[in-house]
Amino acid sequence: MNSNNKEITVVAFCCLYCAYAAADLAGSMRLQYPANVRIVRTPCTGRLEVEFFLKAFENGADGVLVAGCEEGSCHFKEGNLVAKRRVNYARKYLQESGLEPERLRMVNVSSAMARQLTDHIKDMVETVRKLGPSPLNKAKRQQQQEIKS
Ligand code: FES
């Protein structure tokens, strides 16, 4: 996922109705956010299982952002509340596994909150940059470099 040893990658799961629409609006407004982010559109954050977050880390993400509708505004009633519980559970799991829980975060935005979404993305990227590449990826990158040399 990331060929540069020093740079990090954040996967952002964005629900179609609010967060993805806000990301789309950010593009229309020409708002900038770091290129380290890979946006993955999902029908609702409630669709995201804990395994999705763990798989993202396993496949090279250094951080995972879950962006859903504001609480009380999920288009599938309580999907974002389910996601919130899963994110909290996954954060505990990450901590027990030796990964910083700050690498996983959930935010809530409306479709009109393009600026807030880009601010959340920038903050997440900055947080993960401070933490550095995921230890899972460091080992993978070292192996890849050893194979190349
Ligand atoms: Fe946006 Fe459920 S539709 S979080």
Side-chain angles (χ1 to χ4, degrees), residues 1-4 6-141:
M1 190 178 273
N2 191 346
S3 60
N4 186 341
K6 293 175 188 158
E7 205 40 280
I8 52 101
T9 301
V10 171
V11 171
F13 290 107
C14 293
C15 90
L16 174 64
Y17 294 95
C18 287
Y20 190 81
D24 209 19
L25 180 61
S28 302
M29 293 169 68
R30 304 210 182 279
L31 299 176
Q32 304 271 321
Y33 58 83
N36 315 60
V37 177
R38 307 288 181 270
I39 291 183
V40 179
R41 191 176 66 179
T42 181
C44 171
T45 55
R47 172 66 185 88
L48 301 168
E49 305 282 344
V50 170
E51 288 79 11
F52 288 44
F53 313 139
L54 303 180
K55 204 73 178 160
F57 284 112
E58 194 182 303
N59 286 328
D62 300 293
V64 175
L65 180 69
V66 178
C69 302
E70 292 184 295
E71 291 190 14
S73 300
C74 173
H75 290 63
F76 296 90
K77 291 189 178 178
E78 296 186 346
N80 52 3
L81 300 179
V82 171
K84 183 180 176 182
R85 284 197 296 273
R86 288 178 179 157
V87 166
N88 288 337
Y89 176 84
R91 284 170 60 100
K92 283 182 197 154
Y93 182 82
L94 290 180
Q95 191 162 27
E96 287 170 11
S97 306
L99 271 181
E100 301 89 349
E102 294 82 8
R103 292 184 185 277
L104 174 62
R105 180 187 302 174
M106 180 164 184
V107 297
N108 301 89
V109 292
S110 76
S111 58
M113 295 169 73
R115 195 168 302 279
Q116 288 87 340
L117 180 66
T118 57
D119 288 346
H120 283 308
I121 289 173
K122 287 175 192 168
D123 190 57
M124 181 69 186
V125 167
E126 203 45 50
T127 299
V128 176
R129 253 191 204 130
K130 283 179 189 159
L131 293 171
S134 160
L136 300 175
N137 298 333
K138 277 185 201 166
K140 268 188 196 169
R141 287 176 194 146

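We count ligands from 1, going down the list as the structure has it; atoms in each ligand are counted the same way.
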For atom 3 (S) of ligand 1, closest protein heavy-atom neighbour: H75 N, 3.4 Å

Of all the heavy-atom pairs spanning A22 and A114, show the shortest one and how long it is. O-CB, 3.5 Å

Determine the minimum heavy-atom distance between R91 and P101, stating which atoms define it. NH1-O, 3.2 Å

Main-chain N/O of A112 paired with S110 side-chain donor or acceptor, under 3.5 Å: yes

Atoms of ligand 1 close to T45 [distance to a heavy atom under 4.0 angstrom, numbered from 1]: 4 (S)

Ligand 1 to N80, heavy atom cutoff 4.0 Å, flagged ligand atoms 4 (S)

Determine whether a donor-acceptor pair (N or O, by modelled atom type, separation under 3.5 Å) exists between the side chain of R38 and the backbone of T9. no

Identity of the nearest option to atom 1 (Fe) of ligand 1, non-hydrogen atoms only, from A21, C69, S110, A83: C69

Are any N, O or S atoms from C74 nearer to atom 2 (Fe) of ligand 1 than 2.8 Å? yes

Side-chain ion pair, K130 and E102, N-O less than 4.0 Å: no

Flag C18 as yes if one of its N/O/S atoms falls below 2.8 Å of atom 1 (Fe) of ligand 1, otherwise no. no

Numbered atoms and elements of ligand 1 in range of C44, under 4.0 angstrom, heavy atoms: 2 (Fe), 3 (S), 4 (S)

Closest approach of G46 and A83, non-hydrogen atoms and distance? N-CB, 4.2 Å

